[in-house]
Amino acid sequence: MTHRTATAQRVTGESEVAVGIDLDGAGTSTIDTGVPFYDHMLTALSKHSLIDMDIRATGDVHIDVHHTVEDTAITLGWALREALGDKAGIRRYGDALVPLDEALARAVVDVSGRPYFVHSGEPEGQQYHLIGGHFTGSMTAHALESLAFQAGLTVHLTLLAGRDPHHIVEAQFKAFARALRTAVEPDPRTTSVPSTKGAL
């Protein structure tokens, strides 16, 4: 089987990002964004989606992590879109419920070609929590929305329960990863594009 791979780069005055992925990998990764908690989340995304990822980013994290987190997500989205090609033979849809201790997250993914992101359920104040001293809770939705829009995904992400800010973020990344894994994997019953329109 030919592996579905892609690379992408993004260079701005705020960051430099290089991404390489293999959709048919084993979930191995090398991640270095300069934002340790984000590295932790992207490593989990790779592991639980079974998408191999090589992600290197440098940016103005001395100002804020926002630019580097966003630009990394954008570049990863570009690579996902390229690696998916015409999307023939994929399952297209994926969903997952993932617990992490007291936290529980649900993700539903459609490789639709129509970017959309719906996010709900986080407790008030989560967006202001500073996790690991550098990653604000608001970056969870921003990173995954940026990825979804650039990859052409429809994503519904819901936190159903959660108290610890770290667990809340990690459960959502893992749920997204598991749903994405199912959505992009080959469907053994078909080789056609999974749409009545004939294109996604």
Just to verify, what does Arg10 make a side-chain hydrogen bond (donor to acceptor under 3.5 Å, both in side chains) with, not counting sequence neighbours? Asp71
When Thr12, Ile74, Thr72 are each screened for side chain to side chain contact (heavy atoms under 4.5 Å, CB included) with Val17, the one that passes is Thr72
Kindly compute the distance separating [atom1] ([X]) from [atom2] ([Y]), expressed to the nearest 0.5 Å.
| X | Y | atom1 | atom2 | result |
| --- | --- | --- | --- | --- |
| Ile55 | Asp39 | CD1 | CG | 9.0 Å |
| Leu147 | Glu70 | CG | CD | 12.0 Å |
| Arg178 | His48 | CZ | NE2 | 8.0 Å |
| Asp187 | Arg189 | CG | CZ | 7.0 Å |
| His66 | Phe135 | NE2 | CZ | 11.0 Å |

Might you work through the side chain to side chain contact (heavy atoms under 4.5 Å, CB included) test for Leu153 and Glu145, ending with a clear yes or no? CA-CA 9 Å; Leu153 308 177; Glu145 180 179 54; over 6 Å; no
Could you go through the side chain to side chain contact (heavy atoms under 4.5 Å, CB included) check for Leu104 and Leu159 one step at a time? CA-CA 6 Å; Leu104 177 65; Leu159 184 77; over 6 Å; no
Within the side chain of [X], is there an N or O that forms a donor-acceptor pair under 3.5 Å with the backbone of [Y]?
| X | Y | result |
| --- | --- | --- |
| Ser146 | Ala73 | no |
| Asp60 | Ile63 | no |
| Gln172 | Glu170 | no |
| Thr33 | Val35 | yes |
| Arg106 | Leu160 | no |
| Thr154 | Arg114 | yes |
| Glu102 | Arg163 | yes |
| Ser29 | Asp52 | no |

Taking side chain as C-beta onward, heavy atoms only, is Val65 less than 4.5 Å from Tyr38? no
Determine whether Val109 and Val184 make a side-chain contact, defined as any pair of heavy atoms from C-beta on separated by less than 4.5 Å. no
With Thr5 via side chain to side chain contact (heavy atoms under 4.5 Å, CB included) - residues at least two apart: His3, Asp22
Ring centers of His142, His119 separated by less than 6.0 Å: no
Show the nearest heavy-atom pair for residues [X] and [Y], with the distance to one decimal.
| X | Y | value |
| --- | --- | --- |
| Leu80 | Ala151 | CB-CB, 4.0 Å |
| Phe173 | Thr140 | CE1-CG2, 4.0 Å |
| Ala143 | Val69 | CB-CG1, 3.8 Å |
| Leu200 | Lys87 | O-NZ, 3.2 Å |
| Leu45 | Met53 | CG-CE, 3.8 Å |

We want to know whether Thr30 and Asp54 form a side-chain donor-acceptor pair, criterion being a heavy-atom distance below 3.5 angstrom. no
Starting from the C-alpha separation in whole Å, work towards a yes-or-no answer on side chain to side chain contact (heavy atoms under 4.5 Å, CB included) for Val111 and Leu84. CA-CA 9 Å; Val111 186; Leu84 282 163; 3.7 Å; yes
Can you label the angle between the His40 ring and the His166 ring as parallel, tilted or perpendicular, going by 30° and 60°? perpendicular
Dump the intermediate steps for side chain to side chain contact (heavy atoms under 4.5 Å, CB included) on Val169 and Ile131, then the final yes or no. CA-CA 9 Å; Val169 179; Ile131 303 167; 3.5 Å; yes
SB check Asp110 Arg92 (cutoff 4.0 Å): yes
